[in-house]
Structures are given as structure tokens and as C-alpha cells.
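Owing to the predicted nature of the structure, the values given are computational and were not obtained by experimental measurement. Values below: every heavy atom of this structure, side chains too, minus hydrogens, waters and symmetry copies.
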Amino acid sequence: MAARIERLVTSGTFSLDGGTWEVDNNVWLVGDDHEVIVVDAAHDADAIVGAVGGRILRAIVCTHAHNDHIDAAPALADRTGAPVWLHPDDLPLWKQTHPERAPDAELADGQVLSVAGVELTVLHTPGHAPGAVCLYAPALGALFSGDTLFAGGPGATGRSYSDFPTIVESIRERLLTLPGATAVHTGHGETTTVGAEAPHLQEWIARGH
């Protein structure tokens, strides 16, 4: 069975710098009928367990450690035995949500994760968060961008641990160099493509946020 991409939308809250907002998050599952990985265990461990079904969960990959992307990760790990992977630069953010429970493994730029015969390369793309990463799966023509790149521009950089020039550089150097047809599966909202976003880089810089 060929590998495929599945999307689950979960709802909850995002909290940082003293504010809290209602959000819907995309939880991405990549795999086949036998095994999967989960990209961003957001809000609802029960729903994610249901989406995994009887398959082996190989890894829980965190694109970054804002609470809305990791709040269900420890519970999902406890129920499935899957390790939680996070870039170490995001540990300060992780500890705000899970002070008693560390991630199980560290993501590194250039690292390759494999599931269902598909390779996903870790791209360190700081800016929205210091340890933000994207996952690029060329065999699927897909990028999992977390909150680094959305349909319509970069992720937010107005709060702690974020930086606008850094996210623009990450997108320019790491993401817009990918094939234009690459589907960009985002942390919130709808999927876009590299080709659809690339022409707007200068507009984003001019807006400055």
C-alpha cells in the first residue's frame, strides 16, 4: 500500500505571553495501512488515536513547541509508545507546557525520518519559534510547514521567541527553493504550494510582519 497523507483538524487554545486564543490545528498523518507518523499532536489525543487506528505510530514529530502543537503529545506517546521528537532550540517553549516531561528525541537539520517507505527530511526553519522545523517528503511532493509558511505568508512573529527577519530568511533559503508544485501542508488552515507563495516574498518583507 502506497504511503498517503491524512489530515485531522482538532480544536483548542493557544496561549503565549499572557494571552489565550481559540484555534483549529491541522494534525498530519503520513504513512500507509501498517505504520504512520504524526506531525503535531494538537489538543485531542483521543481523536489522534482514533485516526491512527490499528497502525503502528512510529513517531510524534513536533514542528515547534507552541502549546497548541504539543499539548496532546505526552498523552499520545503514553498511549502508543511512540517517541516525541522536537528540535532542542524549542525546549524553553516546550517546558512552558510540559515542565515535568521532556521530549524523547532531538530533531536536527538534515535528519531523515522514514515511514512506509517514504523519507521526510527535517529542515530547521527558525523564526516563528527558535526550533521550528518543516518536513519535506519529495516522494509525496509535500512539505509539512508547521507555522513557518501559510497560504498567504509567513507565520506570526509578534510574540516571544519569534523574529520576522529570521522567518523570512528561513522561507527564502529553505522553502522557496523547493519545486514549485510542492504542496505545503500547514499547521492551520488550507494547503497551498511553494509556487503559489514564492511570488509574494517581497510583499511580505514590505509589510514587515
From OG1 (Thr166) to CD1 (Ile171), nearest 0.5 Å: 11.0 Å
4.5 Å side-chain heavy-atom contact, Trp85 and Ile37: no
Asp147 side, atom CG; Ser162 side, atom OG - distance, nearest 0.5 Å: 11.0 Å
Using atom types as modelled, flag every donor-acceptor pair under 3.5 Å from a side chain in residues 118-127 to any protein atom, sequence neighbours excluded.
residue : atom : partner : partner atom : Å
His124  : NE2  : Pro130  : O            : 2.8
Thr125  : OG1  : Thr148  : OG1          : 3.3

Cluster check Trp21, Tyr161: I/L/V/M/F/W/Y, side chain < 4.5 angstrom: yes
Minimum heavy-atom distance Pro179-Val194, with the two atoms named: O-CB, 3.6 Å
4.5 Å side-chain heavy-atom contact, Asn67 and Gln96: no
Spacing of Leu175 atom CG and Ser145 atom OG [to the nearest 0.5 Å]: 7.5 Å
Nearest atoms (heavy-atom pairs only) where Val84 meets Ala73: CG2-O, 4.0 Å
Contact summary for Ser160 and Leu16, nearest pair of heavy atoms: O-CD2, 4.0 Å
Stepwise side chain to side chain contact (heavy atoms under 4.5 Å, CB included) test for Arg7 and Trp28: CA-CA 5 Å; Arg7 179 172 78 156; Trp28 298 101; 3.3 Å; yes
Residue pair Leu29 / Arg55, side-chain heavy-atom distance below 4.5 Å: yes
Side-chain touch Arg159/Phe14, heavy atoms, less than 4.5 angstrom: yes
Same apolar cluster (I L V M F W Y, side chains within < 4.5 Å links), Ile48/Leu113: no
Evaluation steps, side chain to side chain contact (heavy atoms under 4.5 Å, CB included), between Ile56 and Val36: CA-CA 6 Å; Ile56 299 168; Val36 294; over 6 Å; no
Student check: side-chain heavy atoms of Leu149 and Thr186 closer than 4.5 Å: no
same_hphob_cluster(Ile5, Val133) at 4.5 Å side-chain heavy-atom cutoff: yes
Exam field: side chain Asp40 to backbone Ala42, donor-acceptor pair closer than 3.5 Å: no
Any donor-acceptor N or O pair under 3.5 Å, side chains Asn25, His43: yes
Sequence-distant partners of Tyr136, ring pair (Phe, Tyr, Trp, His ring centres under 6.0 Å), two or more places apart: none
By ring pair (Phe, Tyr, Trp, His ring centres under 6.0 Å) - contacts of His98 (at least two apart): Trp94
Same cluster (ILVMFWY, side-chain, under 4.5 Å), Val30 and Leu135: yes
Polar side chain donor-acceptor pair, Ser11 to Asp24, under 3.5 angstrom: yes
Distance (rounded to the nearest 0.5 Å) between Arg172 CZ and Thr177 OG1: 11.5 Å
Asp44 side chain to Thr10 backbone, donor-acceptor under 3.5 Å: no
Charged N-O contact under 4.0 Å between Arg79 and Asp46: yes
Under 3.5 Å: donor-acceptor pair, side chain of Ser15, backbone of Thr20: no
Contact check, side chains of His66 and His128, non-hydrogen atoms, under 4.5 Å: yes
Note, His69 side chain near Leu93 side chain (heavy atom, < 4.5 Å): no
Glu203 side-chain N/O to His200 backbone N/O, donor-acceptor pair under 3.5 Å: no
Enclosure of Glu190 CD (heavy-atom neighbours >12, cutoff 6.0 Å): no
Test item: Asp78 side-chain N/O and Gly81 main-chain N/O as donor-acceptor pair under 3.5 Å: no
Non-hydrogen side-chain atoms of Val39 and Thr63 separated by less than 4.5 Å: yes
Ala181 to Thr193 - nearest heavy-atom pair and separation: O-CG2, 4.3 Å
Rounded distance [0.5 Å steps], OG1 in Thr182 versus CG in Leu176: 10.5 Å
Cluster overlap Phe150 with Val9, hydrophobic side-chain contacts below 4.5 Å: no
Intermediate values then yes/no, side chain to side chain contact (heavy atoms under 4.5 Å, CB included), Phe144 and Val61: CA-CA 11 Å; Phe144 300 90; Val61 181; over 6 Å; no
Pro154 versus Phe164, closest heavy-atom pair with distance: CG-CE1, 4.5 Å
Criterion side-chain hydrogen bond (donor to acceptor under 3.5 Å, both in side chains) on Thr191 and His185, from CA distance to verdict: CA-CA 5 Å; Thr191 291; His185 299 298; 2.9 Å; yes
Where His87 and Leu107 come nearest, the two heavy atoms and their spacing: CD2-O, 3.5 Å
